[in-house]
Amino acid sequence: MASKSFQAPNGTQDSYPIDLARRRWLIEHWRRVSTRHGFEEIDGPTFEHLDVYKTKSGEGIVSELFSFRRAGGKDDYALRPEFTPTLARMYAAKANALPKPTKWFCTGNFFRAERPQRGRRREFWQWNADVIGLDVDPQQMNAEGAEKDAEIAEATARMDAEVIACVVGLMQAVGLKPEDVKVRFNHREAIADWLQEQGVEEESHTAVMAILDAAKKMKPEDFVTAVSAFGLKGDGLSVALKGPQHLKDDGYPDIWIVHAATKRVHRSLGAARVLPWVEFDASIVRGLAYYTGTVFEVIADGERAVAGGGRYDGLIEMFGGPPTPAVGFGMGDVVLTNLLSDKGLLPSDDELMQWAGQTPDVFVIAAGDDAAEAARPACAQLRSHGLHARHSYKSTKNVGKLLKEANQLGAHAALLIEDGGQSAKIKHLKSDGGESEPMPIEQALAQLADEFRPVDAPPSKQR
RNA sequence: GCGAUUGUAGCUCAGUUGGUUAGAGCACCAGGUUGUGAUCCUGGGGGUCGCGGGUUCGAAUCCCGUCAGUCGCCCCA
């Protein structure tokens, strides 16, 4: 039979035990932070109808997707490049039965047919958290007009801040500091109103926002030329060039943030106790057309954006749901892992393997030929108590070598069976290396089962 | 989609101006020694030099193509 060697597809990565432990560690942080911020976990299919993504992003998106048609089928599908359309579809299907607001998160793998480079792969894992709806019910509000609008505006800002606070919670959980990363935010309404004040025609706003978005990559003189063409000049121009402005508790030092919408978000961020992590940044615009309010990115020096998100009030309706405001973000594993690695914040391989339960509780060693047959029954008994028990597959009878193997595997304890399988000693490998006196093997097994009783096993019905 | 750069054992790398059966360390396996937590000794398996084609008496070494990695552009939901 002819043999053929294969490589993993471009932009994908094989996950060996340590790689998987590292990814599980990251996802577990995402999950815990989401949960304690009151988000519930959901997931959807890994592929969707191709039209779902065309609806949201237009025909042009297709070249960025892995799309396919089943042989003999007539439907076009695409591996999911993002979660938002799935989320919108799921919400729309049960909108009337869901609480307001609904807070959902998802961690899963996503696929984009882009050229891989630093911080970007074709298959990656992404964390999404979204708040759909507001904590007010407009239909039940008695107020009219301006008063009602004000209440909705406040609720909108609260939800924006909840999402940003969740992102900040993750950064804290993995040991990042405000010096390492910042959430930089802006507000579409604030930009639009400010442009209006500066005399930029409304139909030019989209074009100017695109230039602001690209400002970092442009030479200052090119930037000036570009925005001047739309009427931006004088003070307005210098403000646009300034970039990030730190929000201060004692006031609003910059023309951009005197806008009512930005102020409301700022107040809510204060209530969420995350202001040290947040900066106002005029250059955060986000290219996507569907963002309607707050937009933000998590940025670290020298990396592409760690996370990005914003408010998309029209999208649920686009997917067949009732008109529903929503805000959310996505955070990928690739950039975050790069950042944590550079900052020395990833646990060591040993720590990860131990956390992931890949290190044995007990390594069973048969000391001497006459005890050789006892290792496997001993392992079986320990496993029936829920312990992670292993024995060597090597043929050596050398106790020293076997103890060395136990240590390399990170075993917490070794069970040394002697005396033809009748008695055993327990040696603790992690702590002091202390070793017990010989005892009957049944007693040793019971002692180990008691000491390493698993506490986090999933519930099960034993009959 | 475009550009630059790299590709020799599981890992880190040597391989002289193209010249005999391609090397080292670590890792792995086995045997011995020491009841270990970077012990020591001995031995072993493993590479068609990313893949394909070409030039040549002869290529890991030169040329072309292709695949993959890395970095950048585009894009970034």
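It should be emphasised that the depicted structure is a prediction, and the values quoted were computed from it without experimental measurement. Values below: every heavy atom of this structure, side chains too, minus hydrogens, waters and symmetry copies. To find a chain, count down the sequence lines: A is the first, B the second, and so on, and within it residues start at 1.
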Closest-nucleotide ordering on RNA chain B, the 5'-leading residue of A:Tyr53 and A:Glu418: A:Glu418
Is there a Watson-Crick or G-U wobble partner for B:G1 with both distances under 3.5 Å, and which nucleotide is it? B:C73
Are A:Phe47 and A:Phe66 an aromatic pair, judged by ring center distance below 6.0 Å? no
Heavy atoms only, 4.0 Å cut-off, all strands: where does A:Lys401 land among base, sugar-phosphate and nothing? base
Ignoring hydrogens and angles, write down the donor-acceptor pairs under 3.5 Å from the side chains of residues 313-338 of chain A, residues two or more places apart or on other chains.
{"from": "A:Asp313", "atom 1": "OD1", "to": "A:Arg311", "atom 2": "NH1", "distance (Å)": "2.8"}
{"from": "A:Asp313", "atom 1": "OD1", "to": "A:Ala326", "atom 2": "N", "distance (Å)": "3.2"}
{"from": "A:Thr324", "atom 1": "OG1", "to": "A:Pro322", "atom 2": "O", "distance (Å)": "2.7"}
{"from": "A:Asp333", "atom 1": "OD1", "to": "A:Trp125", "atom 2": "N", "distance (Å)": "2.9"}
{"from": "A:Thr337", "atom 1": "OG1", "to": "A:Asp333", "atom 2": "O", "distance (Å)": "2.6"}

Contacts of type side chain to side chain donor-acceptor pair (under 3.5 Å), residue A:Lys425, not counting sequence neighbours: A:Glu418, A:Glu435
Find the distance A:Ile365:CD1 to B:G37:C1' and express it as a whole number of Å. 12 Å
Kindly say whether the aromatic ring centers of A:Tyr77 and A:His49 come within a distance under 6.0 Å. yes
Ignoring backbone atoms, establish whether A:Lys404 has a side-chain N or O less than 4.0 Å from OP1 or OP2 of B:U39. yes
Any donor-acceptor pair under 3.5 Å linking the side chain of A:Arg122 with the backbone of A:Glu114? yes
Mate of B:U34 where both pairing distances stay under 3.5 Å, Watson-Crick or G-U: none
If you check every side-chain atom of A:Gln408, which of B:C28, B:C29, B:C75 has the closest atom? B:C28
Distance in angstrom units between A:Asn398 CG and B:U34 C1', rounded: 8 Å
From CG of A:Leu65 over to C1' of B:G1, roughly how many Å is that when rounded to an integer? 15 Å
Distance to the ring centre below 6.0 angstrom and angle to the axis at most 45 degrees; does that hold for A:Arg188 and A:Tyr291? no
When you measure from the side-chain N and O atoms of A:Lys394 to the phosphate of B:C29, is any distance below 4.0 Å, counting only OP1 and OP2? yes
Over all strands shown, is A:Leu402 touching base, sugar-phosphate only, or nothing at heavy-atom distances under 4.0 angstrom? nothing
Expected string for nucleotides 65-72 of chain B under the B/S/- scheme (protein heavy atoms, under 4.0 Å, primed atoms plus P, OP1, OP2 as sugar-phosphate) is --SSS-SS
